Amino acid sequence: MAIIVPMVHQQSSRPRLSPSGDTEDIVALLAPRLAHFAGVARTEHVTRAAQEMNVPQSTLSRALVRLEEDLGVDLFVRRGRTLALTVAGRTFLGSVERALAEVERAADEVRADADPATGKVAFGFLHTMGAETVPGLLHAFRADHPRVRFSLVQNYGEAMLERLRAGELDLCLTSPVPDAPDLVARRLDEQKLRLVVPADHSLAGRRRIRLAEAADEIFVTLEPGYGLRRITDALCKEAGFRPRVAFEGEEAETLRGLVAAGLGVALLPPPAVPRPGVVELTVTAPRAAREIGVAWLAGRTDTPPVAAFKRFLLSRRGSLLPS
């Protein structure tokens with residue numbers, strides 16, 4: 001009859017983890033030993049597991065003892081020269097195997113995202129660049145990098161910078177070009193803004209206009225916090241007036257539709273496709289334009305696909321926007 005003997009633990013001054021212990025402390029202590037535990041549980045033999053895992057047997061034995069001490073639970077019992085899992089050990093093994101599989105899956109995923117040929121770039125850009133500019137950029141880039149994948153995010157500038165800081169984006173095209181110590185930003189191009197008026201407006205017969213001439217008009221604008229809204233407010237202030245805003249929206253083409261409906265005028269970048277029902281006037285004074293730039297988090301190491309796309313964007317300085 002086999003004699004079952006629990007693994008003997010030497011008395012240790014190291015405190016056990018209490019059930020109410022801090023989760024981060026528990027993870028820091030247990031994580032390095034989980035693979036050792038799973039390897040021994042799989043082989044039910046310390047010597048064999050040490051050979052398969054290419055670690056000294058003494059290191060493996062100490063790791064198991066410390067793991068049981070940290071948990072305050074016996075995970076194995078000895079049966080001659082082999083080990084067998086206790087009930088607690090089997091329960092623990094199921095969770096450990098799932099955790100290790102998830103870690104392996106995550107490692108495979110991040111390695112795949114960093115692959116120079118097939119990796120992924122998380123790229124953010126303004127709504128106004130989604131119809132024409134960004135599709136053209138991606139088409140040109142993929143001519144030399146046909147298998148690189150993209151995760152695309154459209155949003156207003158401040159929201160994209162928040163996601164950049166949170167590590168959710170690698171790069172973003174934004175306006176105005178940010179000036180912040182934790183970011184790196186490069187100016188790429190400039191986009192002229194036009195005063196958009198309804199087709200039946202008294203100014204619709206003009207080709208050019210000084211912005212001061214629109215001081216009495218009702219404006220439709222983007223919401224506060226959007227870069228284009230800040231630019232609009234600043235240009236109107238420079239022209240000597242504060243715009244009377246009737247409608248605020250989140251997307252430039254929606255504003256163009258409001259203008260076409262006769263609900264106001266707007267300062268907007270050129271549309272990808274001409275919109276019926278509006279006339280777009282060149283603003284001669286003040287100089288109405290917005291800078292477009294690319295930004296990324298300072299100090300962050302780029303994966304090869306991100307580095308390649310960043311180089312590509314910087315190479316388009318002065319020719320980023322469609323002519």
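Not measured: the values here are computed from a predicted model. Note: hydrogens, waters and symmetry copies are ignored here, and every other heavy atom, side chains too, is used.
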Between Pro286 and Ala239, what is the shortest heavy-atom contact and its length? CD-CB, 4.0 Å

Would you mind reporting whether Glu158 and Arg230 have side-chain heavy atoms less than 4.5 Å apart? yes

Closest contact, heavy atoms only, Gln154 versus Phe125: CG-CE1, 2.9 Å

Count I, L, V, M, F, W, Y as connected when their side-chain heavy atoms are under 4.5 Å apart, and connections chain through other members. Are Leu314 and Leu321 then in the same cluster? yes

Once you round to the nearest 0.5 Å, how far does CG of Leu235 lie from CZ of Arg287? 10.5 Å

Side chains of Phe309 and His145: does their closest heavy-atom pair fall under 4.5 Å? no

How long is the straight-line distance from NE2 of His36 back to CG of Leu64, given to the nearest 0.5 Å? 8.5 Å

Any chain of hydrophobic side-chain contacts (each under 4.5 Å) joining Ile218 to Val278? no

Distance-minimising heavy-atom pair for Pro178 and Ala295: CG-CB, 3.9 Å

Check side chain to side chain contact (heavy atoms under 4.5 Å, CB included) between Ser58 and all other residues, then give those that pass, not counting sequence neighbours. Pro56, Arg62

Tell me every residue that passes side-chain hydrogen bond (donor to acceptor under 3.5 Å, both in side chains) with Thr118, counting only those two or more places apart in sequence or in another chain. Asp115

Can you tell me which residue among Leu85, Leu60, Leu100 is in a side-chain contact (heavy atoms from CB on, under 4.5 Å) with Phe37? Leu85

Output all residues satisfying side-chain hydrogen bond (donor to acceptor under 3.5 Å, both in side chains) with Glu97, sequence neighbours left out; order by chain, then residue number. none

Between Ala199 and Ala204, which heavy-atom pair has the shortest distance, and what is it? O-CB, 3.3 Å

Listed pairs under 3.5 Å, donor-acceptor, residues 88-95 side chains, sequence neighbours left out:
| residue | atom | partner | partner atom | Å |
| --- | --- | --- | --- | --- |
| Thr91 | OG1 | Val87 | O | 3.2 |
| Ser95 | OG | Arg98 | NH2 | 3.3 |

Nearest-0.5 Å distance that lies between atom CG in Leu281 and atom CZ in Arg194: 9.5 Å

Give every residue pair that meets the salt bridge (Lys or Arg N to Asp or Glu O under 4.0 Å) criterion with at least one member in residues 166-176, sequence neighbours excluded. Arg163-Glu168, Asp170-Arg300

Check whether any side-chain heavy atom of Phe219 lies under 4.5 Å from a side-chain heavy atom of Leu195, and answer yes or no. yes

Taking all non-hydrogen atoms of both residues, which atom of Thr43 and which atom of Ala49 are closest, and how far apart? OG1-CB, 3.4 Å

For the pair Glu68 (side chain) and Leu75 (backbone), establish whether a donor and an acceptor sit closer than 3.5 Å, ignoring hydrogens and angles. yes

Are Thr303 and Lys120 side-chain neighbours, meaning at least one heavy-atom pair lies under 4.5 Å? no

Is Val96 linked to Val103 within one hydrophobic cluster, defined over Ile, Leu, Val, Met, Phe, Trp and Tyr using a side-chain heavy-atom separation of less than 4.5 Å? no

Non-hydrogen atoms of Phe312 and Ser315 that approach each other most closely: O-OG, 2.5 Å

Which donor-acceptor pairs under 3.5 Å do the side chains of residues 135-143 make with protein atoms, sequence neighbours left out?
| residue | atom | partner | partner atom | Å |
| --- | --- | --- | --- | --- |
| Arg142 | NH1 | Val148 | O | 2.4 |
| Arg142 | NH2 | Pro146 | O | 2.8 |

Just how far is it from atom CD1 of Ile292 to atom CD of Glu190, taken to the nearest 0.5 Å? 9.5 Å

CD (Gln191) and CG (Leu228) are apart, to the nearest 0.5 Å, by 9.0 Å

Please tell me whether Val220 and Ile209 are part of a single hydrophobic cluster in this structure, the criterion being side-chain heavy atoms less than 4.5 Å apart. yes

Should Arg290 and Thr128 count as side-chain neighbours, where that means a heavy-atom distance under 4.5 Å? yes

Could you work out, with side chain to side chain contact (heavy atoms under 4.5 Å, CB included) as the rule, every residue matching Arg105, not counting sequence neighbours? Glu102, Glu109

Same cluster for Val196 and Leu126 if Ile/Leu/Val/Met/Phe/Trp/Tyr side chains link at under 4.5 Å? no

OG1/Thr86 to CG/Asp74 distance, rounded to the nearest 0.5 angstrom? 6.5 Å

Is Leu320 close to Met129 at the side-chain level, that is, under 4.5 Å between some pair of heavy atoms? yes

Per side-chain contact (heavy atoms from CB on, under 4.5 Å), Leu297 is matched among Leu183, Leu171, Leu161, Leu169 by Leu183

Using the side-chain hydrogen bond (donor to acceptor under 3.5 Å, both in side chains) criterion, which residues pair with Glu162? Sequence neighbours excluded. none

Under the side chain to side chain donor-acceptor pair (under 3.5 Å) definition, can you give me all pairs with a residue in residues 173-187, not counting sequence neighbours? Arg165-Asp182, Arg187-Glu291

Distance-only criterion, 3.5 Å: show the donor-acceptor pairs between side-chain atoms of residues 256-274 and protein atoms not counting sequence neighbours.
| residue | atom | partner | partner atom | Å |
| --- | --- | --- | --- | --- |
| Arg256 | NE | Glu280 | OE2 | 2.8 |
| Arg256 | NH1 | Glu253 | OE2 | 2.6 |
| Arg256 | NH2 | Pro269 | O | 2.6 |
| Arg256 | NH2 | Glu280 | OE1 | 3.3 |
| Arg256 | NH2 | Glu280 | OE2 | 3.2 |

Could you check whether any side-chain heavy atom of Glu217 comes within less than 4.5 Å of a side-chain heavy atom of Leu203, counting everything from C-beta outward? yes

Please examine the side chains of Arg149 and Asp113, heavy atoms only from C-beta on, and report whether any two atoms are closer than 4.5 Å. yes

Pairs touching residues 153-211 that satisfy ring-ring contact (aromatic ring centres under 6.0 Å, His included), sequence neighbours left out: Tyr156-Tyr226

Contact list for residues 232-241, test salt bridge (Lys or Arg N to Asp or Glu O under 4.0 Å), sequence neighbours left out: Arg229-Asp233

